[in-house]
Amino acid sequence: MAKILDGKAVAARVRREIAADVEKLKAQGKNPCLAVVLVGENPASKVYVNNKKKGCAEVGIKSLEYLLPEETTEEELLSLVDKLNADDEVNGILVQLPLPKQISEQKVIERISPEKDVDCFHPYSAGKLFTGSPRFLPCTPAGIMELIRESGVEVAGKTCVVVGRSNIVGKPMAMLLMGANGTVTIAHSRTQDLKAVCKTADILVVAIGKAKFITADYVKEGAVVIDVGMDRDENGKLCGDVDFASVEPVCGAITPVPGGVGPMTITMLLKNTLRAVQD
Ligand code: GUN
């Protein structure tokens with residue numbers, strides 16, 4: 001039987017620690033504050049932004065919400081970012097992605113002050129991570145590192161395979177695993193014999209956005225399997241990139257979907273907001 005890595009439980013524990021730190025900051029007259037910007041009506045984004053607001057409230061972080069219409073221009077969004085950059089009350093800025101077509105995501109990400117880049121998306125933040133001296137940690141990968149710690153498996157010296165090469169998950173995930181002295185491969189849609197590559201992994205992280213793609217024949221016996229997917233199966237039910245029923249009997253530890261990686265991502269955002277105040 002694989003160990004189930006319960007993201008909800010780990011997130012609750014970390015959030016209690018964050019709440020205690022927020023109390024200490026407040027006693028020193030500091031009031032952590034996160035500005036969350038949502039442009040348009042994307043239903044998934046609305047849910048994410050709502051959960052971020054709730055997470056802030058849970059640990060005592062103040063959140064400011066900016067809901068802008070779908071037809072917002074790039075100029076308008078950039079000038080809001082400028083205003084938030086200059087606002088001393090605001091410690092962290094998060095602009096929810098994706099943005100409507102008329103707005104360049106890259107331009108917006110690059111306009112956010114690296115001092116307030118709690119998503120860790122700015123090229124400066126990515127560069128700091130790459131060179132081994134990050135201030136903020138990328139939220140989803142940092143949450144995954146906590147879950148791997150929970151599995152009891154030491155990363156150092158292990159073979160780690162990350163499937164997916166996005167800027168938000170795959171690439172920064174590889175950096176954190178390498179930082180923890182793992183031997184890391186990034187696999188992707190053009191990888192030859194993906195099955196064989198995945199099967200070498202002691203730690204397998206999957207972020208490809210394909211429902212139940214990874215089955216038992218991709219997984220080494222006893223491996224730690226982390227599922228970043230948020231997909232829908234043939235019946236419209238929420239599921240991950242890993243076929244849980246097939247993989248659970250062969251692996252050593254596995255994250256469920258929902259209730260695995262998801263709750264950890266927001267928790268790490270809260271941690272970054274705290275860090276923005278502390279340093
Ligand atoms: N869209 C999907 N995930 C994220 C995230 O972690 N941060 C932001 N800003 N947008 C997202």
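This chain uses plain numbering: 1 for the first residue, then up along the sequence. Start at 1 and go down the list; that is how both ligands and their atoms are numbered.
Here the options are Asp202, Thr200, Thr159, the test is side chain to side chain donor-acceptor pair (under 3.5 Å), and the partner is Lys220; only Asp202 passes.
Of the heavy atoms in Asp119, only side-chain atoms (C-beta onward) come closer than 4.0 Å to ligand 1. With a heavy-atom cut-off of 4.0 Å, Val95 touches ligand 1 through its backbone alone.
An N or O contact shorter than 3.5 Å is missing between Tyr48 and ligand 1 by distance. Considering backbone and side-chain N/O atoms, Pro98 never comes within less than 3.5 Å of an N/O atom of ligand 1. Residue Thr265 places no N or O, backbone or side chain, under 3.5 Å from any N or O of ligand 1. An N or O contact shorter than 3.5 Å is missing between Leu94 and ligand 1 by distance.
Both Leu204 and Val250 are members of a single hydrophobic cluster when ILVMFWY side chains are connected at heavy-atom separations under 4.5 Å.
Side chain to side chain, Ser125 and Asp117 meet the donor-acceptor criterion of an N or O pair below 3.5 Å.
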| task | Begin with the C-alpha distance, continue with both residues' side-chain angles, and end with the deciding distance and a verdict on side-chain hydrogen bond (donor to acceptor under 3.5 Å, both in side chains) for Thr255 and Asp227. | result | CA-CA 6 Å; Thr255 60; Asp227 187 351; 5.5 Å; no

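You'll find the side chain of Cys160 stays beyond 4.5 Å of the side chain of Val205, heavy atoms only.
Residues meeting the side chain to side chain contact (heavy atoms under 4.5 Å, CB included) test with Ser133, sequence neighbours left out: Lys128, Thr131.
Within the set Glu105, Gln96, Met268, Met230, the minimum heavy-atom distance to atom 11 (C) of ligand 1 is found for Gln96.
The protein atom (non-hydrogen) at minimum distance from atom 1 (N) of ligand 1 is Leu97 O, 2.9 Å.
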